[in-house]
Amino acid sequence: MAVLPIYNCYHPVLKKKTNPVTEFNQELKDFVNNLYETMYEADGVGLAANQVGESKSIIVVDTSEASEAKDSHSPIVMINPVIINYSDEIIEYQEGCLSIPKFYEDVDRPKEIEVRYFDIDMKELSITADYLFSRVIQHEVDHLNGILFYERLSSVRRVLAKSKLRKIEKGDYATFYPMILPNGTYRDPAE
Ligand code: ZN
């Protein structure tokens, strides 16, 4: 297993839609293990494949450490996930992103979703997800579609966030995990 560097949100790989996975093999399993390891090393609760530079439709999520039982779900990999239903009820909650260092904002999202996906053995499944588990899946599926969470902010909040986002684009904020900057340069973790 290996910890992979995480790409800054302004790198082009995070701006484009990922490709569906067509081959379920050992290489895929190895890659998914690296995704998990990278997520845990960076203290994340979710990670999309394009956040490590691979334009593939794969996410990993682990909310098992969440403080409230309703938010908690054991580690799960979703391959080619599609959200097929959204609840009418919308809730606001603060989000962050491993590709957007030191940036935390409240985002409105549907409380509950139904998602269809393939597991690592190419079995097609669908589940309903609620609260934090639902939110993390929505955030990660957005990544697969080239959408960053600051694009979900209200226009007022986005204007207020502009100068901070410009600093993030320039790589002004250090991370404790390795990062690939928007121009493709590798930066070692900060002490
Ligand atoms: Zn993210």
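As the structure is a prediction and not an experimental result, all values here were calculated from the model.
- Residues I79 and L28 share a closest heavy-atom pair of CD1-CD2, 3.8 Å.
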Given the rule in the salt bridge (charged side-chain N to carboxylate O under 4.0 Å, His left out) test, do D172 and K102 qualify, once you have shown the distances and angles that lead to the verdict? CA-CA 10 Å; D172 284 359; K102 299 188 167 57; over 6 Å; no

Could you tabulate the donor-acceptor pairs under 3.5 Å formed by side-chain atoms of residues 66-78, not counting sequence neighbours?
unit_1, atom_1, unit_2, atom_2, d
D71, OD1, L132, N, 3.1

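- Scanning both residues, L98 and L47, for their nearest heavy atoms gives CD1-CD1, 4.0 Å.
- Contact record, Y186 with P189: OH-CD, 4.4 Å, taken as the closest heavy-atom pair.
- Looking at L153 and V107, their side chains come closer than 4.5 Å, going by heavy atoms from C-beta outward.
- Between I6 and P178, every side-chain heavy-atom pair lies at or beyond the 4.5 Å cut-off.
- Side-chain contact check for N8 versus I180: every heavy-atom pair is 4.5 Å or farther apart.
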Just do the salt bridge (charged side-chain N to carboxylate O under 4.0 Å, His left out) check on D130 and R135 with the steps written out, would you? CA-CA 8 Å; D130 218 345; R135 178 167 296 268; over 6 Å; no

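- Here the closest heavy-atom approach between residue I137 and residue A129 is recorded as CD1-CB, 3.8 Å.
- Of the N and O atoms on the side chains of Q51 and S99, at least one donor lies less than 3.5 Å from an acceptor on the other residue.
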Evaluate V136 against E140 for side chain to side chain contact (heavy atoms under 4.5 Å, CB included), listing each step before the verdict. CA-CA 6 Å; V136 178; E140 301 310 332; 4.1 Å; yes

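- Salt bridge status for E105 with R158: absent, with no side-chain N to carboxylate O gap under 4.0 Å.
- Pairing each heavy atom of C9 with each of Y150, the nearest pair is SG-CE2, 3.9 Å.
- Y177 places none of its side-chain heavy atoms less than 4.5 Å from the side chain of D188.
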Derivation and outcome, side chain to side chain contact (heavy atoms under 4.5 Å, CB included), residues M179 and Y7: CA-CA 6 Å; M179 181 158 263; Y7 283 59; over 6 Å; no

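- In summary, R152 and D108 do not engage in a salt bridge, as defined by a charged side-chain N under 4.0 Å from a carboxylate O.
- Cation-pi geometry between K56 and F31 is met: under 6.0 angstrom from the ring centre, within 45 degrees of the axis.
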Before giving the answer on side chain to side chain contact (heavy atoms under 4.5 Å, CB included), spell out for F176 and D43 the whole-Å C-alpha distance, their side-chain angles and the decisive distance to 0.1 Å. CA-CA 10 Å; F176 67 90; D43 288 339; 3.8 Å; yes

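- For the pair R116 and P81, the minimum side-chain heavy-atom distance is 4.5 Å or more.
- Inspection of the N50 and E54 side chains reveals no N or O donor paired with an N or O acceptor under 3.5 Å.
- With contacts defined as side-chain heavy-atom distances shorter than 4.5 Å, the pair Q138/I83 qualifies.
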Go through E151 and R157 one step at a time and tell me if the salt bridge (charged side-chain N to carboxylate O under 4.0 Å, His left out) criterion holds. CA-CA 10 Å; E151 296 173 78; R157 278 201 177 122; over 6 Å; no

Decide yes or no on side chain to side chain contact (heavy atoms under 4.5 Å, CB included) for E37 and L4, but give the supporting numbers first. CA-CA 8 Å; E37 179 140 334; L4 306 169; over 6 Å; no

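- Here L144 contributes atom CG and H139 contributes atom NE2; the two are 10.5 Å apart, rounded to the nearest 0.5 Å.
- N34 places none of its side-chain heavy atoms less than 4.5 Å from the side chain of V52.
- Residue Y117 forms a side-chain contact (heavy atoms from CB on, under 4.5 Å) with just one option from L125, I59, V82, and that option is L125.
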Decide side-chain hydrogen bond (donor to acceptor under 3.5 Å, both in side chains) for D62 and Y40; before the verdict, give the C-alpha distance in whole Å, the side-chain angles of both, and the deciding distance to 0.1 Å. CA-CA 9 Å; D62 181 357; Y40 292 132; 2.6 Å; yes

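- By the 4.5 Å heavy-atom criterion applied to side chains, F103 and K164 are counted as neighbours.
- Note: Y93 and F149 fail the aromatic proximity criterion, with ring centroids not under 6.0 Å apart.
- Residues K17 and S55 share a closest heavy-atom pair of O-OG, 3.7 Å.
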